[in-house]
Amino acid sequence: QVRLVESGGGLVQAGGSLRVSCAASDNIYSFNVMGWYRPAPGKRRDLIATITKDGTTGYADSVKGRFTISRDNPKNTVYLQMNSLEPEDTAVYLCNAVVVTGRGAVYNYWGQGTQVTVSS
């Protein structure tokens, strides 16, 4: 069973920066995609940023240019660097890992989340 543990959340003023981390219990190179999510009104959660096994990244329009996702394979950790934070970024940030097996089965793993609060 894969475990994902987020850390690094906290309270920051608007315009500030914060970096959250997601440490995995397995070799993250075995994950096809890793990403960060946060809850959104009317939805269970919004996809914020993703990074694939080969390092390709993707971002939601709301964070593009402000957030950067990266991975450190030897440390089995994925990071989300958040700059120019806005009060609207306040949320619990959840780490996700997706594994697709050779037979096409898809497994999703989730962390417990880390709270980010941005004060105005």
Side-chain angles (χ1 to χ4, degrees):
Q1 179 71 17
V2 174
R3 290 185 63 242
L4 302 175
V5 179
E6 300 96 333
S7 62
L11 174 64
V12 64
Q13 287 190 329
S17 298
L18 206 60
R19 188 179 78 164
V20 292
S21 304
C22 172
S25 60
D26 274 14
N27 185 344
I28 64 172
Y29 197 73
S30 66
F31 305 148
N32 294 77
V33 183
M34 294 192 74
W36 288 94
Y37 288 72
R38 66 188 184 193
K43 300 180 183 180
R44 187 175 182 183
R45 54 182 73 99
D46 261 351
L47 177 61
I48 298 302
T50 58
I51 186 164
T52 65
K53 184 182 294 190
D54 64 3
T56 301
T57 59
Y59 299 93
D61 287 343
S62 59
V63 305
K64 202 173 291 184
R66 300 190 298 125
F67 290 12
T68 303
I69 189 170
S70 62
R71 59 195 294 161
D72 187 334
N73 289 340
K75 294 184 177 179
N76 292 327
T77 301
V78 170
Y79 303 98
L80 185 67
Q81 176 68 43
M82 302 180 288
N83 299 327
S84 302
L85 282 162
E86 305 166 352
E88 293 73 22
D89 295 316
T90 294
V92 175
Y93 283 72
L94 298 157
C95 180
N96 169 261
V98 177
V99 175
V100 181
T101 70
R103 294 184 176 184
V106 180
Y107 295 90
N108 265 283
Y109 301 98
W110 294 93
Q112 294 298 308
T114 185
Q115 176 70 47
V116 172
T117 303
V118 184
S119 62
S120 56

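Just so we're clear, the structure is a prediction, and the values are computed from it rather than from any experiment. Side-chain atoms are counted along with the backbone in the values below, which use heavy atoms only and exclude waters and symmetry mates.
Not a single donor-acceptor pair under 3.5 Å links the side chain of Q112 to the backbone N or O of E6. Of the possible donor and acceptor atoms, one in the side chain of R66 sits under 3.5 Å from a partner among the backbone N and O of S84. Remark: the backbone N or O of V118 is paired with a side-chain donor or acceptor of T90 at under 3.5 angstrom.
Closest heavy-atom contact between Q81 and S17: NE2-CB, 3.9 Å. The two atoms that bring Y59 and K64 nearest to each other are O-CE, 3.7 Å, heavy atoms only. Heavy atoms only, all atoms of each residue included: R71 and V78 are closest at CB-CG2, 4.0 Å. Taking every heavy atom of both residues into account, Q115 and A91 meet most closely at NE2-O, 3.4 Å. A pairwise comparison of heavy atoms in L80 and A49 identifies CD1-CB, 4.0 Å as the closest pair. Of all non-hydrogen atoms in I69 and G35, the two that sit nearest each other are CD1-CA, 4.3 Å.
Using a 4.5 Å heavy-atom cutoff, the side chains of M82 and V20 are in contact. Using a 4.5 Å cut-off on side-chain heavy atoms (C-beta onward), V2 and F31 make contact. Here the side chains of N76 and N27 are in contact, with some heavy-atom distance below 4.5 Å. Side-chain contact check for M34 versus L4: some heavy-atom pair is nearer than 4.5 Å. In this structure, the side chains of R38 and S62 come closer than 4.5 Å at one or more pairs of heavy atoms. Counting only heavy atoms from C-beta outward, the side chains of D89 and F67 approach each other to under 4.5 Å. Counting heavy atoms from C-beta on, the side chains of T52 and T50 never come closer than 4.5 Å. Between C95 and W36, some side-chain heavy-atom pair lies under the 4.5 Å cut-off.
Atom CG in D72 sits 5.0 Å away from atom OH in Y79 (nearest 0.5 Å). Note that the OG atom of S120 and the CD atom of Q13 stand 9.5 Å from one another [nearest 0.5 Å]. Note that OG1 of T101 and CG of N32 are 9.0 Å apart. Values are rounded to the nearest 0.5 Å. The line from CG of N96 to CG of L47 is 8.0 Å long, rounded to the nearest 0.5 Å.
Each of V5 and I51 belongs to its own hydrophobic cluster when Ile, Leu, Val, Met, Phe, Trp and Tyr are linked at side-chain heavy-atom distances under 4.5 angstrom. Cluster annotation: I28 and I48 are assigned to the same hydrophobic cluster (Ile/Leu/Val/Met/Phe/Trp/Tyr, side-chain heavy-atom contacts under 4.5 Å, transitive). With hydrophobic clusters built from ILVMFWY side chains whose heavy atoms lie under 4.5 angstrom apart, V12 shares a cluster with Y93.
Residue-environment remark: NZ (K53) exceeds the threshold of 12 foreign heavy atoms within 6.0 Å. Within a 6.0 Å radius of CD in E86, other residues, nucleotides and ligands contribute more than 12 heavy atoms.
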